[in-house]
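This report concerns only the one structure given below.
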Amino acid sequence: MLILGFLISSLYALVAVGFTMIFGVAGVLNLAHGAFVMVGAYLAIWAFVILKWSLPVAFAFAILGVAVIAPLVYRVLIRPIENRTVTVFLATLLLAVLLEQVIILFFSAKPRTDLPPFIQGGFVLWGTSIPYNRLLAGVVALVVIGLLWAFVTRTKTGKAILALSMDRRGAALVGIASHRITLWVWAISGALAAIAGLFITSFLGIQPFEERVSLVIAFSTVVLGGLGSIPGSLWAAFIIGYAETIAQAFAPEARGLASLVILLIVLTIRPQGLFGRAAT
Amino acid sequence: MKLLEVNGLDVFYGKAQALRGVSFTVQEGEFASVIGSNGAGKTTLFNAISGLLPYQGEIGFAGQKLPSKPHEIVQSGLIHCPEGRSLFAYLSVLDNLQLGAYRRKDREIERDLRVVFELFPRLEERERQLVHTLSGGEQQMVAIGRALMGRPRLLLLDEPTLGLAPIVRSHISQALDAIQERYRMTILLAEQNADFAFKHSKRIYLLETGQIVREGTAEELKRDDYIRQAYLGS
């Protein structure tokens, strides 16, 4: 159970980090982030089941697909209205609903379970059976997060992303072209969402309304960790992942509730989240 | 040679007009200052020049029309060290300084980093420290250092000594002298503290409620009765 909790947590971390990056850099609470998770899954189903591409190609196609769609959304939908916070908020909500409906139109609202695990089989460790696919998901998620960390702390573009999230005026005055960097951030965020979507779907299946679950997870993780704090999101993802795994073992129907209870408790004690910087 | 040429600059915040027909020039190699009290429009003027605010009027830089986007303006060599500093608080001193050279591709970035460390040895001692843990004076050194890392042809310095202790102020003052003497850099300073501005600059512009109401060399304006009474306090 400990290991399963760890593995599911690392996928939540992927979803949450993408969500928090967009908030941190662009100041946008992207309510369509859950929809990105779902679109990634359905792109893979389309490529694998309908176009009959091989599984790795279908996965790559889905990740690239969302990594292209997400910056397009920023460029076409968000950028023209980016100074109007409430309008942006509503626009991302409408986009989420729209993507849900588009998926229903093409795939119907029925759950799909036909995206197979990337690798079959599994093993038993301390009485718990662990499918290889879940192990792979956990490893991929950790590697991706590690690469992302290296990217933002070691490369010039990565540091520009951090700089932009800390001080927009300062970033402009050293010559960082904020719109270009923001496109990158949406692309990365989309790719992370798609990777999580692929693995979640391959264990649990997916249906169009599932995006709301991903969004709630992203939201609670990010708020728990402290909005805009990437380390905070990582820790929070593990807390929520474990809470869900433990809740599922004792009372499966309460799985979603566990994270909300933790969120409520933490926010009562520490409103800025675990790692949030108190507003100055 | 005229390096900066501002002509008939108007800036509005909604319906309120913050700058009215501001015109002035800065010669290459010169240290010039815009003085004026709080709210006179100095920061607005600098923000307009560096592309952070929309304006009407014309700005020429090094004989050409100044580009409109902040990153293009930085690329052309006009670097703004803003009031309030706008540092990257959760990055190290070194990261902040290196980001100052974000637009540069030349090979002298390392050398300029040495120059900044010579001017402010304190920064080298603290290069790994996160900027938000530094004192106000040290943060101001990072801000000036970061601007210098952009290798400015023209450096806009907005209130570099605001809120600093006298000892830190004199340290910054010495650094400005050193920058000017050694690198013959063109500097435009915005200052409330007229004494500080007169100490450093050759040419002074006085801004009041969004308009330039006096201009001249520091020598001339020192003798101006109005300036002496209202700004120099002597």
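Every chain is numbered from 1, with letters handed out A, B, ... down the list of sequences. Side chains are part of it too, since the values below use all heavy atoms of this structure and drop only hydrogens, waters and symmetry mates.
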Taking side-chain hydrogen bond (donor to acceptor under 3.5 Å, both in side chains) as the cut-off, I'd like each qualifying pair that reaches into residues 65-75 of chain A, sequence neighbours left out, listed once.
Y74(A)-E82(A)
Count the heavy atoms belonging to other residues, nucleotides or ligands that lie under 6.0 Å from CD of E127(B), then report whether that count exceeds 12.
yes
By the definition side chain to side chain contact (heavy atoms under 4.5 Å, CB included), identify the one residue from V22(B), V11(B), I49(B) that meets it with T44(B).
V11(B)
Using non-hydrogen atoms only, which part of L52(B) is less than 4.5 Å away from chain A: side chain, backbone, both, or neither?
side chain
Measuring heavy-atom distances to chain A, does R103(B) have an atom under 4.5 Å in its side chain, in its backbone, in both, or in neither?
both
Closest-packed option against chain B by number of heavy-atom pairs under 4.5 Å, given K156(A), K159(A), R169(A):
R169(A)
Cation over ring face, R203(B) and F24(B), 6.0 Å, 45°:
no
For E72(B), is it the side chain, the backbone, both or neither that has a heavy atom under 4.5 Å from a heavy atom of chain A?
neither
